[in-house]
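Contents: one structure, followed by commentary.
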Amino acid sequence: HVQEKHPTVRGARLSGARLMSLTSDELNFLVYRYLHESGFRHAAYTFGCESLVAKSNINGSKIAPGELVNLVQKGIMYSELERSVADDGSVVDAENFMLLRTSSDGKQLKRAREEAPVASAPEDAEPTPAAAASVASSSACAASSSGASGAPSAAKLESIEPTPEEQVTTLAGHTSEVFICAWSPTSLQLASGSGDSTARIWQVPDGPCGKAQAGQLPEPVVLQHFSGDKEKSKDVTTLDWNHDGTALATGSYDGQARVWSATGKLTATLSKHKGPIFSLKWNRTGQYLLSGSVDKTAVIWDTATGSVKQEFALHKEPTLDVDWRDDDSFASCSTDKMIYVCKLGQTAHLKSFKGHLDEVNAIKWDPSGRLLASCSDDYTAKVWSMKYDTCVQDLREHTREIYTIKWSPTGPGSTNPSANLVLASASFDATIRVWEPETGKSLHVLDKHRDPVYSVAFSADGQYLASGSFDRCLHIWSIKDGSLIKTYKGSGGIFEVCWNADGTKVAACFSTHIVSVIDVRM
């Protein structure tokens with residue numbers, strides 16, 4: 001982070017222009033926001049602690065999402081302009097911007113260009129990996145824009161009209177990015193969590209979504225998250241409803257988990273963790289709550305008493321995700337590349353899974369508790385079984401980090417036992433892949449997004465998949481043939497998407513401080 005204590009970091013200026021300046025606190029805050037918006041939550045936490053972002057007086061709600069990238073892009077444009085003008089004011093030809101030589105003197109660059117021999121690549125030369133990736137990326141974007149992709153859904157994409165704003169219910173009230181959302185399993189209550197130190201419970205009206213619902217929307221219940229000294233505790237990082245929708249659990253950057261009634265009453269504050277909570281899950285009976293934290297631990301809480309039932313300190317680095325296998329056993333994953341399966345009442349782990357080469361971002365048990373899926377920054381997803389020490393499937397077709405994975409609510413142990421079980425993975429390569437877990441075969445490549453995909457969610461019947469990306473698009477896909485059947489383009493990047501219990505509505509939370517709800521009635 002920026003170590004200097006000078007009051008400003010000074011930039012270049014045009015003659016006669018007002019001096020532009022940026023304090024080190026402001027720059028640190030922009031870097032922190034960039035890390036958070038890009039999905040690097042643990043890196044953001046570490047950077048925030050070292051740079052003391054929380055102690056700054058910067059009002060984050062007044063800073064637009066993506067502001068650091070915006071400033072860098074403008075700086076590049078200025079650098080290009082500066083290099084295109086000679087000392088006498090005349091316009092000269094300048095090469096495209098290259099980061100590692102922008103600090104060189106313009107005359108030295110010109111002299112080097114004049115003295116350098118002209119070299120041309122052989123006609124049969126192969127492109128470098130970087131160039132090939134660039135061409136592939138450009139081609140993919142062009143195909144996505146024109147509908148010329150070879151994917152099965154390309155023809156259908158042409159005929160799909162984006163959902164108009166008139167058919168979208170907008171939930172406004174948060175004053176910072178909305179990172180998470182979740183429907184109650186028993187009603188049209190929708191919970192959202194934000195960087196503004198609040199969670200909110202919205203009562204979404206029944207009936208068609210749209211601007212006409214605006215007058216029917218009651219005020220949301222605002223769940224304030226404050227630390228012991230009454231200062232704001234920053235982001236609400238995770239939330240989860242219990243099985244019958246009577247209680248909502250939230251986790252925050254202050255390391256505390258909180259339990260609220262469906263009406264918004266704080267019923268318990270769970271204090272044990274010494275760092276942000278990144279994952280929080282109820283077990284199926286609602287008796288226990290499981291949390292995973294940056295402090296490297298996982299904790300099982302007795303929700304009736306608010307006490308710690310057991311703490312598990314197996315990981316050597318921050319715990320990124322936890323997931324129940326059954327009512328008293330669970331799995332956890334970490335930046336230490338390890339996965340542990342543990343059981344309440346036992347100090348030693350039941351199983352450890354080692355095989356990822358980079359941090360493990362998410363884990364999920366299938367509905368039967370037989371298979372565990374994991375995804376990692378090593379570009380792979382893996383499927384594990386308690387019967388084996390190594391993965392039973394190694395899914396290697398993504399080309400970037402995989403941020404999340406979800407099992408379909410189908411197959412043994414689900415409410416749709418006769419339907420085939422599939423696994424969906426969402427990646428920073430802008431694609432979602434749907435896998436057959438028994439064979440490891442990639443059934444569909446869902447490739448209409450143009451930026452990293454942060455969230456996927458299956459409908460209750462397992463027939464449809466919702467996806468949200470930082471390209472601002474919410475897509476609904478058919479699992480049967482991989483076709484795109486509905487789309488909505490919002491006002492900012494999407495952090496999470498979720499279906500209501502009936503499978504008729506999908507909510508998406510945005511970097512632009514809002515939650516949007518659309519109808520999905522097939």
Side-chain angles (χ1 to χ4, degrees), residues 182 185-186 240-244 279-290 292 298 300 312 321-333 339-346 349-356 360-376 380-395 402 404-426 432-444 456-466 479-480 498-499 501 503:
T186 58
D240 192 39
W241 291 95
N242 68 349
H243 68 291
D244 60 6
S279 185
L280 196 61
K281 306 281 178 63
W282 294 91
N283 71 348
R284 282 177 287 196
T285 65
Q287 181 181 5
Y288 300 131
L289 190 64
L290 173 65
I300 294 179
F312 299 82
D321 198 14
V322 293
D323 196 47
W324 289 101
R325 183 188 185 205
D326 50 35
D327 289 337
D328 60 1
S329 65
F330 69 94
S332 64
C333 66
I339 301 168
Y340 293 107
V341 182
C342 303
K343 186 178 181 67
L344 180 62
Q346 298 189 22
H349 57 265
L350 300 179
K351 196 84 172 177
S352 64
F353 293 127
K354 182 178 181 180
H356 280 297
V360 185
N361 293 317
I363 47 172
K364 294 291 181 295
W365 290 100
D366 79 333
S368 70
R370 184 175 64 91
L371 298 175
L372 178 69
S374 61
C375 63
S376 168
T380 74
K382 300 182 190 297
V383 179
W384 313 82
S385 168
M386 292 292 286
K387 296 179 181 179
Y388 304 99
D389 293 330
T390 58
C391 65
V392 295
Q393 298 295 344
D394 193 4
L395 312 176
I402 306 175
T404 191
I405 45 172
K406 291 288 173 61
W407 291 100
S408 60
T410 52
S414 75
T415 54
N416 308 290
S418 60
N420 291 330
L421 177 70
V422 296
L423 176 69
S425 57
I432 304 109
R433 288 182 179 265
V434 180
W435 309 86
E436 186 178 63
E438 296 299 331
T439 64
K441 179 183 177 182
S442 177
L443 300 174
H444 306 299
V456 289
F458 281 95
S459 59
D461 59 9
Q463 295 185 40
Y464 304 102
L465 183 75
I479 291 301
K480 182 180 179 180
C498 59
W499 291 80

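All values derive from a computational prediction rather than experimental measurement. Quick note: numbers below take in every heavy atom, side chains included, and nothing from hydrogens, waters or symmetry partners.
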Can you tell me how far apart OG (S352) and CD1 (I339) are? Round to the nearest 0.5 Å. 10.0 Å

Short side-chain to backbone donor-acceptor contact, D328 and G345, under 3.5 Å: no

Smallest heavy-atom separation, D461 atom then Q463 atom, equals OD1-N, 3.0 Å

Is a side-chain donor or acceptor of H444 paired with a backbone partner of I479 at a separation under 3.5 angstrom? yes

If you round to the nearest 0.5 Å, how far is CD1 of I405 from CG of L395? 9.0 Å

I'd like to know if the side chain of N361 reaches the main chain of C375, judged simply by a donor and an acceptor atom lying under 3.5 Å from each other, with no hydrogens or angles considered. no

Compare all side-chain heavy atoms of L371 with those of W407 and state whether any distance is below 4.5 angstrom. yes

Any side-chain donor-acceptor pair under 3.5 Å between S279 and D321? yes

Please check if the side chain of R325 supplies one atom and the backbone of G369 the other of a donor-acceptor pair under 3.5 Å. yes

Determine, stepwise, if the pair T285 / H243 fulfils side chain to side chain donor-acceptor pair (under 3.5 Å). CA-CA 7 Å; T285 65; H243 68 291; over 6 Å; no

Say whether, by atom type as modelled, one donor and one acceptor occur between the side chain of T410 and the main chain of G462 under 3.5 angstrom. no

Name the one of F312, W282, Y288 that satisfies ring-ring contact (aromatic ring centres under 6.0 Å, His included) with F330? F312

From W435 CH2 over to L421 CG, what is the distance, rounded to the nearest 0.5 angstrom? 14.5 Å

Determine whether more than 12 heavy atoms belonging to other residues, nucleotides or ligands lie under 6.0 Å from atom CG of N420. no

Answer with yes or no whether the side chains of W324 and S329 bring together a donor and an acceptor at under 3.5 Å. no

Assess whether a salt bridge exists between D389 and K351, defined as any Lys/Arg side-chain N lying under 4.0 Å from an Asp/Glu carboxylate O. yes

Quick check for you: to the nearest 0.5 Å, what is the distance between C333 atom SG and I363 atom CD1? 4.5 Å

Take D323 and K364 through the test salt bridge (charged side-chain N to carboxylate O under 4.0 Å, His left out) and record every step on the way to the result. CA-CA 6 Å; D323 196 47; K364 294 291 181 295; 5.5 Å; no

Nearest heavy-atom pair of W365 and A331: which atoms, and what distance? NE1-CB, 3.5 Å

Minimal non-hydrogen separation, L280 against D240, with atom names: O-CB, 3.4 Å

What closest approach, in Å, do A460 and T415 show between heavy atoms, and which atom pair accounts for it? O-OG1, 4.3 Å

I'd like to know if the side chain of W499 and the backbone of A457 have a donor-acceptor N/O pair within less than 3.5 Å. yes

State which residues pass side-chain hydrogen bond (donor to acceptor under 3.5 Å, both in side chains) with T390; sequence neighbours excluded, sorted by chain then number. none

Let's go through L289 and I300 carefully: what are the C-alpha distance in whole Å and the side-chain angles of both, what is the deciding distance for side-chain contact (heavy atoms from CB on, under 4.5 Å) to 0.1 Å, and is it a yes or a no? CA-CA 6 Å; L289 190 64; I300 294 179; over 6 Å; no

Looking only at side chains, do D366 and S368 share a donor and an acceptor under 3.5 Å apart? yes

Any side-chain to backbone donor/acceptor pair from Q393 onto E438? Under 3.5 Å, distance only. yes

Does H349 form a side-chain contact (heavy atoms from CB on, under 4.5 Å) with V341? I'd like the steps, not just the answer. CA-CA 6 Å; H349 57 265; V341 182; over 6 Å; no

For A501 and P185 the tightest heavy-atom approach is CB-O, 3.4 Å

Output the distance between atom CZ (R284) and atom CG (N242), rounded to the nearest 0.5 Å. 14.5 Å

If I compare all heavy atoms of W241 with all of A182, which pair ends up nearest, and what's the gap? NE1-O, 3.0 Å

Ring centers of Y340, F353 separated by less than 6.0 Å: no

Taking atom OG of S385 and atom CZ of R370, what is their separation to the nearest 0.5 Å? 7.0 Å

Between the side chains of D394 and K382, is the shortest nitrogen-to-carboxylate-oxygen separation below 4.0 Å, so that they form an ion pair? yes

